[in-house]
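Encoded as structure tokens, the structure appears first; notes follow it.
Quick caveat: nothing in here was measured; it's all calculated off a predicted structure. Order of listing sets the numbers, starting from 1, for every ligand and every atom in it.
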Amino acid sequence: MRAEVIDGKALAAETRERVRARAAALRERTGVTPALGVILVGDDPASRSYVTAKERALAEAGMRSVDIRLPAETTQAELLARIAQLNADDSVHGILVQLPLPRGLDAEAVIRAIDPRKDVDGFTPINVGKMLLGQDCFLPCTPHGVLRLLEKAGTPTRGAHAVVVGRSAIVGRPLANLLARKAPNGDATVTLCHAATPDLAAHTRRADILVAAVGRAGVITGDMVKPGATVIDVGVNRVADPEAPKGYRLRGDCDFASVAEVAGKITPVPGGVGPMTIAMLLENTVIAAERAAGAPA
Ligand code: GUN
């Protein structure tokens with residue numbers, strides 16, 4: 001294998017330790033414990049495991065989670081009422097509604113109902129608009145984590161050609177925008193590829209930074225990668241494996257073996273982007289609490 005593996009777990013641990021210290025300092029100064037309302041609707045196994053991981057990480061960082069589990073049959077009105085309660089609760093500084101929501105619920109309306117000051121996911125139209133304009137806001141956690149990983153890897157974005165594969169509202173579109181911003185971790189020339197892009201490989205082969213955020217296991221193969229490129233694999237795909245303890249394995253969007261033969265640096269799955277998403281959520285939550293307490297660090 002040629003590529004150096006970028007250790008997202010280690011970077012996330014460092015970030016979480018900084019957040020823990022910041023939360024402790026806030027508690028010391030003001031008596032406020034940062035708290036995140038976490039809403040999970042339904043019983044999608046992947047969503048349940050993400051939410052559990054987020055709640056565990058909050059506890060480890062000395063923060064509080066207000067865990068709200070609702071059945072899949074929850075109505076839009078019930079869900080909006082829960083969000084209104086959390087909006088009004090001064091002891092709760094952030095609100096996270098795990099996506100996707102079960103069929104029948106209008107995710108756009110639900111996200112819109114979150115107070116932008118508590119929108120630590122960075123999903124509300126206000127925060128997305130601020131991000132596009134380069135204004136101070138909560139950045140969405142996965143794209144923000146990817147920027148931190150690039151920094152940690154020592155891969156400059158300025159002047160680089162970044163190719164983002166996948167145009168989701170949560171990852172691909174915001175990340176493409178952030179990479180193109182006039183900012184220390186931006187200034188890249190960005191190509192955003194998606195399902196309707198003809199000859200995907202012609203684009204990915206020109207990438208100094210290749211971000212795979214498609215949501216399908218192994219779609220990026222070594223022959224699609226420029227030698228020496230930094231490859232960030234956002235995919236977390238459950239692939240059936242009868243020999244694995246849980247009956248499945250997590251696989252990224254990259255075919256790791258072949259891509260790692262060509263790339264200069266690569267994030268693993270698991271242990272790459274996933275832990276950084278959680279770390280950035282904790283960071284946003286402590287920032288929200290500091291602002292609410294009138295005590296920004
Ligand atoms: N579903 C997949 N990623 C995310 C995330 O970052 N936040 C929320 N709320 N839901 C998600």
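- Distance CZ/Arg112 to CD1/Ile83: 11.0 Å, rounded to 0.5 Å.
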Give me the pairs of N or O atoms, one from ligand 1 and one from the protein, that sit under 3.5 Å apart.
from	atom 1	to	atom 2	distance (Å)
ligand 1	1 (N)	Gln98	NE2	3.2
ligand 1	1 (N)	Leu99	O	2.9
ligand 1	7 (N)	Asp121	OD1	3.1
ligand 1	7 (N)	Asp121	OD2	3.2
ligand 1	9 (N)	Val97	O	2.8
ligand 1	9 (N)	Asp121	OD2	2.6
ligand 1	10 (N)	Leu99	N	3.0

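- A salt bridge links Asp115 and Arg117; the closest N-O separation between the charged side-chain nitrogens and carboxylate oxygens is under 4.0 Å.
- Under the 6.0 Å distance and 45° angle rule, Arg173 does not count as a cation-pi partner of Phe123.
- In summary, Lys118 and Asp89 do not engage in a salt bridge, as defined by a charged side-chain N under 4.0 Å from a carboxylate O.
- Within the structure, side-chain hydrogen bond (donor to acceptor under 3.5 Å, both in side chains) pairs that include any residue of residues 267-288 comprise Thr142-Thr277, Arg148-Glu283 (at least two apart or interchain).
- For Pro34 against His93, the heavy-atom pair with the smallest separation is CA-ND1, 3.5 Å.
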